[in-house]
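Notes follow once the structure below has been shown.
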Amino acid sequence: MPDTPQPRRTRTPGLALTRWLFAPATDPVPRQQAVAAAFLRILLGLMWLYNVAWKRPPDFGEDTNTGLYKFTAFAVNDPVLPPYSWIVEHAVLPNIEVFGWGVLISETVLAVLLLTGAWVRPAALLGIAQSLAIGLSVAYGPHEWPWAYWLMIGGHVVILFSSAGRAFAVDAVRSRTGSARSLGLVWGAVAVIAGAVTVAGTAGDDPLDPRGYILGSADPSVSLGAYNLLGGLVLLVAGALVLVATLGRIAILGWMAAVVGVGAALSLYAQIGFSDPSLGGTATSAAFLLSVAVVAVTVAAAPGRASPSPRD
């Protein structure tokens, strides 16, 4: 009896594209290419991390014509694309409180995912969209350089189609092409050092000073946020928990570090612009703490892979 022909399975292009988008960005490439892509990813993450600080609720600069409101209004005063200018004038600016929170959340997500190398491709796609929106708003504004926004878009396009999650990234742990150990050790050490520097820099100050001690500089536009003495201690504790969790493969300590990081970040979001932040921080501080939390969760969820992988 002849075999009954089996129906041919068809792949849905949209489903395949979605799977590719959310899969770890760890396609096999030469090591130097993976490192270069990771360098660009981290560089873009630092850019978003620094710039998220001046998106301040609740009015995002509407009352004083500063901050996000001022730069968004460039789309109307110095239009790049008239239809986009109309949308900004009639929908965005009148609802800047809602729009501002969308920008704050989007850029925080970009900073956290790109710095930690988690879900790199969706982050890159979001970065393309956000860079395009910023360019359409401010590219023709005073003292702006339109090519800066083309380069921002291009950088995220490169990340989207690269293996930027193969080196020093959560994506590498997700795909088991890398271990959580190096990630946990580096991030834990950075958080501990940042906390220690803050504690030393705020010694003798009001431990709840809302201004905080800035970890970075406006000149190269790089910062890990601002923290008072209490904020520095929180950062120090979170980093120490990540280090011990990584070295001892103690998952519970990783989860504790994540709780500390997320709790501290949420406290900042609840206070910035509404009252004096108890940790003396900014939205950049919150994004950095969330990044530490993402790494802590990765370490906690992969205790068996905390030792170096032969494929690293």
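Sequence positions, counted from 1, serve as the residue numbers for this chain.
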Co-members of L43 in a cluster of I, L, V, M, F, W and Y side chains, linked at under 4.5 Å: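 Grouped by the 4.5 Å side-chain rule, F39 form the rest of the cluster around L43.
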
My understanding is that a hydrophobic cluster links ILVMFWY residues whose side chain heavy atoms are under 4.5 Å apart, including indirect links. Using that, what else belongs to the cluster containing V297?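 Members other than V297 - counting any ILVMFWY side chain reachable under 4.5 Å - are W255.
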
Output all residues satisfying side-chain contact (heavy atoms from CB on, under 4.5 Å) with [X], sequence neighbours left out; order by chain, then residue number.
X	value
V103	K55, L68, F99, E107, Q130
S163	D27, V29, R166
A36	none

Pairs flagged by ring pair (Phe, Tyr, Trp, His ring centres under 6.0 Å) wherever residues 271-295 is involved - sequence neighbours left out: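 Qualifying pairs: W187-F288.
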
Restricting to pairs with a member in residues 14-34, which pass ring pair (Phe, Tyr, Trp, His ring centres under 6.0 Å), not counting sequence neighbours?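 Ring pair (Phe, Tyr, Trp, His ring centres under 6.0 Å) check on residues 14-34 returns W20-F161.
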
List the steps, then state whether side-chain contact (heavy atoms from CB on, under 4.5 Å) holds for L114 with I42. CA-CA 6 Å; L114 290 174; I42 294 170; over 6 Å; no

Could you measure the distance from the CD1 atom of I250 to the CD1 atom of I252? Nearest 0.5 Å is fine.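 Here the rounded value is 10.0 Å.
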
Relative to the ring of F71, is the ring of F74 parallel (under 30°), tilted (30 to 60°) or perpendicular (over 60°)?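 It falls in the perpendicular class, over 60°.
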
Apply side chain to side chain donor-acceptor pair (under 3.5 Å) to the pair T64 and Y69, showing each step before the final yes or no. CA-CA 9 Å; T64 56; Y69 185 88; over 6 Å; no

If the condition is salt bridge (charged side-chain N to carboxylate O under 4.0 Å, His left out), which residues does R211 pass it with, not counting sequence neighbours?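 R211 satisfies salt bridge (charged side-chain N to carboxylate O under 4.0 Å, His left out) with D209 once adjacent residues are dropped.
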
Run the ring-ring contact (aromatic ring centres under 6.0 Å, His included) test against [X] and tell me which residues pass, sequence neighbours left out.
X	answer
Y213	none
W48	H156
Y227	none

For residues 78-87, which residue pairs qualify under salt bridge (Lys or Arg N to Asp or Glu O under 4.0 Å), counting only residues two or more places apart or in two chains?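 Salt bridge (Lys or Arg N to Asp or Glu O under 4.0 Å) check on residues 78-87 returns no pairs.
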
Could you tell me whether Y84 atom OH has more than 12 heavy atoms of other residues or ligands within 6.0 Å of it?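 Atom OH in Y84 is packed in, count exceeds 12.
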
